[in-house]
Amino acid sequence: MPLTNRLEYYKTLAASEAKELQQELKEKISLQGLVTAPQFVAGADISFDRGSELMHAAIVVLQLPALSPVARSLVTDETTFPYIPGLLAFREIPVLIKAWGQLQQKPDVLILDGHGTAHPRRMGIATHFGIEVDWPTIGCAKNILTGSHDKLGLEKGEYVDLKEGEERIGMVLRSRTNVNPIYISPGHKVSFDDTYDTVMKSLNKYKLPETTRQAHRWANKLRKGEAEPGYVEY
DNA sequence: GCGACAG
DNA sequence: ATCTTGTCGC
């Protein structure tokens, strides 16, 4: 089924059906590592007014190692799926894929807001998105959804595995010294090592990766009418 | 049954 | 996610 039709199909799904679809898609996950060191990393995020069905999406591409801006894609669209923990992808993926399709300069890897394999069925939004567009993705969340972990050191760069039972599903990373950690996990077509390395390279002086920060910034500008939808290359 | 629960 | 000012701590 064509991608466009799949996205329309998502909107018709009941929660139970969405979960079944995740169980099927789970078989397509690849944790094969990246072939070459990434030079371009991108961040994706969504902003919206509470109570509104309008979703404002931003994807920004940055170049390593300086994290200098390369391009951005902004799209506004309406969602028809509610926010349900564990089913975030069905709500946000449609507009993100529109932004992705508009993006000319594709990055080596895309970091999304939310989890990848650190999900009850290993199908967080980063993994789901990666499978749909067949591209390397990483999940980076500010809060935990599932799993448990040991105590974590306070220095930037330290991490512990996030596990569900005996299975490693992600990592809890101290992205900035003495600040609450972030939760990172492979999305699709990246390894756990790629996930850690890429996120570390995307960090500067803040808690969140610069990719995430820039995507958040532009999504907010779009929502507030301070930026126009469309594609821009720098 | 109760609590947890990405954005 | 978003609503919002000051304030405590490194």
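What's counted below: heavy atoms across the whole structure, side chains too, no hydrogens, waters or symmetry copies. Since this is a predicted model, take the numbers as computed values, not measurements. Convention: sequence-line order gives letters A, B, ...; per-chain numbering from 1.
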Any chance you could measure A:Ile131, atom CD1, to A:Leu25, atom CG, to the nearest 0.5 Å?
5.5 Å
Whole-Å distance between B:dA6 P and A:Tyr183 OH?
11 Å
In whole angstrom, what separates A:Lys205's NZ from C:dC10's C1'?
13 Å
I want to check one thing: is the phosphate of B:dA6, taken as OP1 and OP2, less than 4.0 Å away from some side-chain N or O of A:Tyr83?
yes
Under 30°, 30 to 60°, or over 60°: which ring-plane class applies to A:His128 and A:Phe90, parallel, tilted or perpendicular?
perpendicular
For the residue pair A:Arg217 and A:Tyr206, would you count it as a cation-pi contact if the rule is NZ or CZ under 6.0 angstrom from the ring centre and within 45 degrees of the ring axis?
no
Using a heavy-atom cut-off of 4.0 Å across all strands, would you classify A:Gly139 as base, sugar-phosphate, or nothing?
nothing
By the 4.0 Å heavy-atom rule, please label A:Ile144 as base, sugar-phosphate, or nothing.
sugar-phosphate
Any side-chain N or O of A:His115 under 4.0 Å from OP1/OP2 of B:dG7?
no
Min side-chain heavy-atom separation A:Phe40-A:Asp108 under 4.5 Å
yes
Figure out the CH2/C1' separation between A:Trp218 and C:dA1, and round it to whole Å.
21 Å
Residue A:Asn178, side-chain heavy atoms: nucleotide from C:dC3, B:dG7, C:dC10 that is nearest
C:dC10
Against the side chain of A:Arg50, the closest entry in B:dA6, C:dC3, B:dG7 is C:dC3
For A:Leu154, which contact category applies under a 4.0 Å heavy-atom criterion: base, sugar-phosphate, or nothing?
nothing
Phosphate OP1/OP2 of C:dT2: any A:His216 side-chain N/O under 4.0 Å
yes
Send over the distance from A:Glu92 CD to C:dT2 C1', rounded to a whole Å.
13 Å
Can you tell me the distance, in whole Å, between the CD1 atom of A:Ile111 and the C1' atom of B:dA6?
16 Å
Tell me the interatomic distance from A:Ile84, atom CD1, to C:dA1, atom C1', rounded to whole angstroms.
15 Å
A:Ser73 side chain to A:Ala99 main-chain N or O, any donor-acceptor pair under 3.5 Å?
yes
Separation of B:dG7 C1' from A:His56 NE2 (nearest whole Å)
15 Å
For a quick test of reading the model, state the closest non-hydrogen atom pair linking A:Lys28 to A:His188 and the distance between them.
O-CE1, 3.2 Å
Determine: side-chain N/O of A:Asn220 to OP1/OP2 of C:dT2, distance under 4.0 Å, yes or no.
yes
Is any side-chain nitrogen or oxygen of A:Lys142 closer than 4.0 Å to OP1 or OP2 of B:dG7?
yes
Between B:dA6 atom C1' and A:Ile138 atom CD1, what is the distance in whole Å?
16 Å
If you look at every strand shown and take non-hydrogen atoms under 4.0 Å, does A:Arg223 touch a base, only sugar-phosphate, or nothing?
sugar-phosphate
Using a 4.0 Å heavy-atom cut-off across all strands, classify A:Thr177 as base, sugar-phosphate, or nothing.
nothing
Does a side-chain N or O of A:Thr146 approach OP1 or OP2 of B:dA4 to a distance below 4.0 Å, or not?
no
